[in-house]
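Since this is a predicted model, take the numbers as computed values, not measurements.
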Amino acid sequence: IRELFSLHHDTDHEGTIALLSEAIEFKGINLWLLILAMLVASIGLNTDSTAVVIGAMLISPLMGPIAGAGLALGIYDMALLKRALLNLAIMTGLALLASTVYFMLSPIQTAGKELLARTSPSFFDVLIAFTGGAALTVASSRRTRSANTLAGVAIATALMPPLCTAGFGLARGNPAIIGGALYLYLINSIFIGLAVFVLAKYLGLPLKEQGIEYRRKHILLSLAAL
């Protein structure tokens, strides 16, 4: 049974770190994908089209820096963590700004069911984010990676729609929508990152060699504060 459920025999340690680290970058194709995903998600939310919203989840690069931050915590790489958090902050701000402008210009002024669905987070959103982050790490750590799994995680965790919903709230001056949507985005981000951190420790991904003990104490204190 233990051998059946083991994840260690096919783990690509170096490849996992390289893959998740590369996804942090915010330039070139990722910049364009963020803009396009924001537009697709905003249009889908605005027109109550579930299929369009799902399409935005698939092309959004927001998962990259979140998973990268969880990886950085897991391997005690502070330089990687700073880069991931900085890129995540820039991507989040840009997506909020762009979606706000879109909804200010949109002729559809009312909030449909797709928008309202992103304003009331529940405990199930925590479970979805954590299990989605775990699935992302497991899929990324295999020597033979599954594109279907990665796509499924992107759909399940739904990072772009809450940000676009917050943009709708900003455009309409509605604090309740802004707060609910940003809270959902925060929940998703934290628990995806936490799942990547836990799996990185479980899989035994190699640690940064310099100052490990110093970083270990500060990371554990930061996690305890969360």
Side-chain angles (χ1 to χ4, degrees), residues 23 26 29-67 69-70 85 87-133 135-136 150-195 226:
F26 180 52
I29 187 172
N30 279 349
L31 173 60
W32 281 101
L33 286 177
L34 178 70
I35 295 171
L36 294 172
M38 179 281 304
L39 287 172
V40 172
S42 296
I43 294 169
L45 291 167
N46 208 195
T47 58
D48 264 348
S49 174
T50 303
V52 174
V53 174
I54 290 173
M57 298 176 198
L58 284 170
I59 62 177
S60 170
L62 275 170
M63 180 77 75
I66 295 172
L85 293 179
N87 285 352
L88 178 60
I90 294 172
M91 293 170 81
T92 300
L94 182 59
L96 270 175
L97 175 63
S99 60
T100 300
V101 172
Y102 168 84
F103 283 113
M104 289 177 67
L105 299 176
S106 172
I108 304 176
Q109 302 292 313
T110 57
K113 61 180 179 63
E114 287 291 339
L115 279 165
L116 295 177
R118 271 80 188 182
T119 60
S120 302
S122 69
F123 177 69
F124 292 104
D125 293 303
V126 173
L127 292 179
I128 291 169
F130 187 84
T131 54
L136 170 71
L150 298 178
V153 170
I155 295 173
T157 49
L159 290 164
M160 183 60 77
L163 270 185
C164 292
T165 300
F168 176 85
L170 286 169
R172 299 291 176 267
N174 190 320
I177 290 180
I178 297 170
L182 289 180
Y183 184 44
L184 176 57
Y185 177 68
L186 186 63
I187 286 174
N188 285 345
S189 300
I190 288 175
F191 283 94
I192 289 169
L194 181 61
L226 288 176

[X] versus [Y], closest heavy-atom pair with distance:
| X | Y | result |
| --- | --- | --- |
| Leu62 | Met91 | CD2-CB, 3.9 Å |
| Ala111 | Phe168 | CB-CE2, 3.6 Å |
| Asn30 | Pro61 | O-CG, 3.5 Å |
| Ala166 | Leu96 | CB-CD2, 3.6 Å |
| Leu45 | Arg118 | CD2-NH1, 4.0 Å |
| Cys164 | Ala41 | SG-CB, 3.7 Å |

Name each donor-acceptor pair under 3.5 Å that joins a side chain in residues 173-180 to protein atoms two or more places apart or in another chain, with its distance.
unit_1, atom_1, unit_2, atom_2, d
Asn174, OD1, Ala176, N, 3.1
Asn174, OD1, Ile177, N, 3.2

I need the [X] [atom1] to [Y] [atom2] distance, nearest 0.5 Å.
| X | Y | atom1 | atom2 | value |
| --- | --- | --- | --- | --- |
| Leu184 | Leu159 | CG | CG | 9.0 Å |
| Thr165 | Leu182 | OG1 | CG | 9.5 Å |
| Met63 | Ile192 | CE | CD1 | 4.0 Å |
| Ile128 | Ser122 | CD1 | OG | 7.0 Å |
| Thr119 | Tyr183 | OG1 | OH | 13.5 Å |
| Ser60 | Leu33 | OG | CG | 8.5 Å |

How would you list, by chain and number, every residue that makes a side-chain contact (heavy atoms from CB on, under 4.5 Å) with [X], sequence neighbours excluded?
| X | value |
| --- | --- |
| Thr131 | none |
| Thr110 | Ile108 |
| Ile35 | Leu31, Leu39 |

Side chain to side chain, Val52 and Thr47, heavy atoms closer than 4.5 Å:
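Val52 does not reach Thr47 side chain to side chain.
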Pairs flagged by side chain to side chain donor-acceptor pair (under 3.5 Å) wherever residues 33-42 is involved - sequence neighbours left out:
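Non-adjacent pairs meeting side chain to side chain donor-acceptor pair (under 3.5 Å): zero.
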Pairs touching residues 92-103 that satisfy side chain to side chain donor-acceptor pair (under 3.5 Å), sequence neighbours left out:
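Pairs touching residues 92-103 that pass the test: Asn46-Tyr102, Thr92-Tyr185.
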Listed by chain and number, what are the side-chain hydrogen bond (donor to acceptor under 3.5 Å, both in side chains) partners of Thr50, not counting sequence neighbours?
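For Thr50 the side-chain hydrogen bond (donor to acceptor under 3.5 Å, both in side chains) partners, ignoring immediate neighbours, are Glu114.
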Among residues two or more places apart or on two chains, list those pairs meeting salt bridge (Lys or Arg N to Asp or Glu O under 4.0 Å) that have a residue in residues 163-192.
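Found none.
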Ala129 backbone acceptor or donor facing Asn188 side chain under 3.5 Å
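Checked: no pair found.
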Look at atom CG of Leu105 and say whether more than 12 heavy atoms of other residues, nucleotides or ligands are closer to it than 6.0 Å.
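Yes, CG of Leu105 has more than 12 neighbouring heavy atoms, counting only those of other groups under 6.0 Å.
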Evaluate the side chain to side chain contact (heavy atoms under 4.5 Å, CB included) criterion for residues Met160 and Met38: first the C-alpha distance (whole Å), next the side-chain angles of each, then the deciding distance (0.1 Å), finally the verdict.
CA-CA 7 Å; Met160 183 60 77; Met38 179 281 304; 4.2 Å; yes
